[in-house]
Amino acid sequence: MTAQKHIAYDAFVELAAADSAVVGHVLKGSRAHEGMTTEHSDHDLYVVLADGATSAALTRFTGHRTPELDLVILSLDEFRAAGMPGFERYALARARIVLDRLDGVIAQILAGKARLDADEAFREAGEWLDAYANSLYRSVKNDRDGHALAARLDAADSIRFLLELLFALDRRPRPYNKYLEWELARFPLPGWDTGLLLDTADRISGTGDVSAQRRLFAQVEAVARRAGHSAVLDAWGEDLALMRPQ
């Protein structure tokens, strides 16, 4: 095994910090979420190099991944674009800065990832609202027609789309499922009771309870209309009656 395979997190951070090409270190994942670290948690580290800079000492670590240390080495410009949009966006939005040699620039980049711009948020919310309504509608129809498994699966799908919608309405990237409770405990969604929302999501995902789905939809419909998404809902026409409380 080479030294690369055995390097520990602390040793690598010390090595990289001594390199003048490095302008930032950013730690993401469970070690950036207080209280989420376990004995199995690795260190997911972004190493940010100055634009146009190269590092002979760090090049050999490109793509490095072990049970202890997972590295991404990239330029400042590449770091600005990372996760924008994409599955990495939430991870970076809640990442922890280990090193910032640019007088707060790394922090500003992370703050930008944590907040969707208004146009992006509105567009995404409309798309997620339509997807949520579609899965809800299918679930209710399948339940009515005696397709119990299909109804539960569609109900579970609807919760995924609902969460995307609610976070987009608050101009935030949706957290991974692992961090959903962590996120909402610290940064609740405005206008929503966190405990009740999570309990309802759990019930619907597990049972496909149609009455619970309809009650939840009534809340979502009111919120979505206030946010300017009436056109998305109205496009469902008479089918809305099947989604609403009976």
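When a residue number appears, it is its place in the shown sequence, counting from 1. Keep in mind the model is a prediction, meaning the values are calculated, not measured.
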Would you indicate whether the side-chain heavy atoms of [Y] and [X] approach each other to under 4.5 Å?
X	Y	answer
Ser211	Gln246	no
Leu189	Thr194	no
Thr54	Thr59	no
Asp170	Leu166	no
Leu74	Val47	no
Pro173	Lys113	no

Legend entry - Geometric cation-pi criterion, Arg171 with Phe122: 6.0 Å, 45°: no
Legend entry - Intermediate values then yes/no, side-chain contact (heavy atoms from CB on, under 4.5 Å), Leu169 and Trp192: CA-CA 12 Å; Leu169 288 172; Trp192 291 89; over 6 Å; no
Honestly curious: do [X] and [Y] fall in one hydrophobic cluster under the side-chain, below-4.5 Å linking rule?
X	Y	value
Leu153	Val210	no
Leu71	Tyr46	no
Ile106	Met84	no
Leu136	Val232	yes
Leu27	Leu49	yes

Inset, instruction - Please work out whether the ring planes of Tyr179 and Tyr176 are parallel, tilted or perpendicular, with thresholds of 30° and 60°. - result: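 Correct class here is tilted.
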What's the separation between atom [atom1] in [X] and atom [atom2] in [Y], rounded to the nearest 0.5 Å?
X	Y	atom1	atom2	answer
Tyr137	Asp130	OH	CG	13.0 Å
Leu216	Thr200	CG	OG1	6.0 Å
Phe61	Ser55	CZ	OG	9.5 Å
His229	Glu127	NE2	CD	10.5 Å
Leu149	Asn142	CG	CG	9.5 Å
Ile204	Arg215	CD1	CZ	8.5 Å

Can you list everything that forms a salt bridge (Lys or Arg N to Asp or Glu O under 4.0 Å) with [X]? Sequence neighbours excluded, please.
X	value
Arg226	none
Glu120	Arg89
Lys28	Glu88
Glu124	none

Legend entry - Given Asp100, Leu99, Leu102, Val105, the one that forms side chain to side chain contact (heavy atoms under 4.5 Å, CB included) with Val23: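 Result: among Asp100, Leu99, Leu102, Val105, Leu102 is the only option passing the side chain to side chain contact (heavy atoms under 4.5 Å, CB included) with Val23.
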Legend entry - Salt bridge flag under 4.0 Å for residues Glu183 and Arg172: yes
Inset, instruction - Mind running side-chain contact (heavy atoms from CB on, under 4.5 Å) on Ile73 and Val48 for me, showing each step along the way? - result: CA-CA 6 Å; Ile73 302 174; Val48 186; over 6 Å; no
Has [X] got a side-chain atom pairing as donor or acceptor with [Y]'s backbone, closer than 3.5 angstrom?
X	Y	value
His33	Gly29	yes
Arg138	Ala151	no
Glu68	His43	no
Trp128	Arg123	no
Arg31	Ser41	yes
Arg115	Ala111	no
Asp117	Asp119	yes

Inset, instruction - For Ile7 and His64, run side-chain contact (heavy atoms from CB on, under 4.5 Å): C-alpha distance rounded to whole Å, both residues' side-chain angles, the deciding distance at 0.1 Å, then the answer. - result: CA-CA 10 Å; Ile7 193 164; His64 181 280; 3.7 Å; yes
Write down the atom of [X], the atom of [Y], and the distance for their closest heavy-atom approach.
X	Y	result
Leu240	Leu233	CD1-O, 3.4 Å
Arg174	Tyr90	O-CB, 3.5 Å
Leu110	Phe79	CD2-CZ, 3.7 Å
Ala95	Val26	CB-CG1, 3.3 Å
Phe161	Ala131	CD1-O, 3.5 Å
Ala93	Ala114	CB-CA, 3.5 Å

Looking only at side chains, do [X] and [Y] share a donor and an acceptor under 3.5 Å apart?
X	Y	answer
Glu164	Tyr132	no
Trp236	Asn134	no
Ser135	Ser158	no

Between side-chain atoms of residues 10-18 and protein atoms elsewhere (two or more places apart, or another chain), which donor-acceptor pairs fall under 3.5 Å?
none

Legend entry - Residues in side chain to side chain donor-acceptor pair (under 3.5 Å) contact with Arg225, at least two apart in sequence or another chain: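 Arg225 satisfies side chain to side chain donor-acceptor pair (under 3.5 Å) with Glu221, Ser230, Asp234 once adjacent residues are dropped.
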Inset, instruction - Step by step, work out the side-chain contact (heavy atoms from CB on, under 4.5 Å) result for Leu198 and Asp202. - result: CA-CA 6 Å; Leu198 291 174; Asp202 186 17; over 6 Å; no
Legend entry - Glu181, CD atom: more than 12 neighbouring heavy atoms under 6.0 Å: no
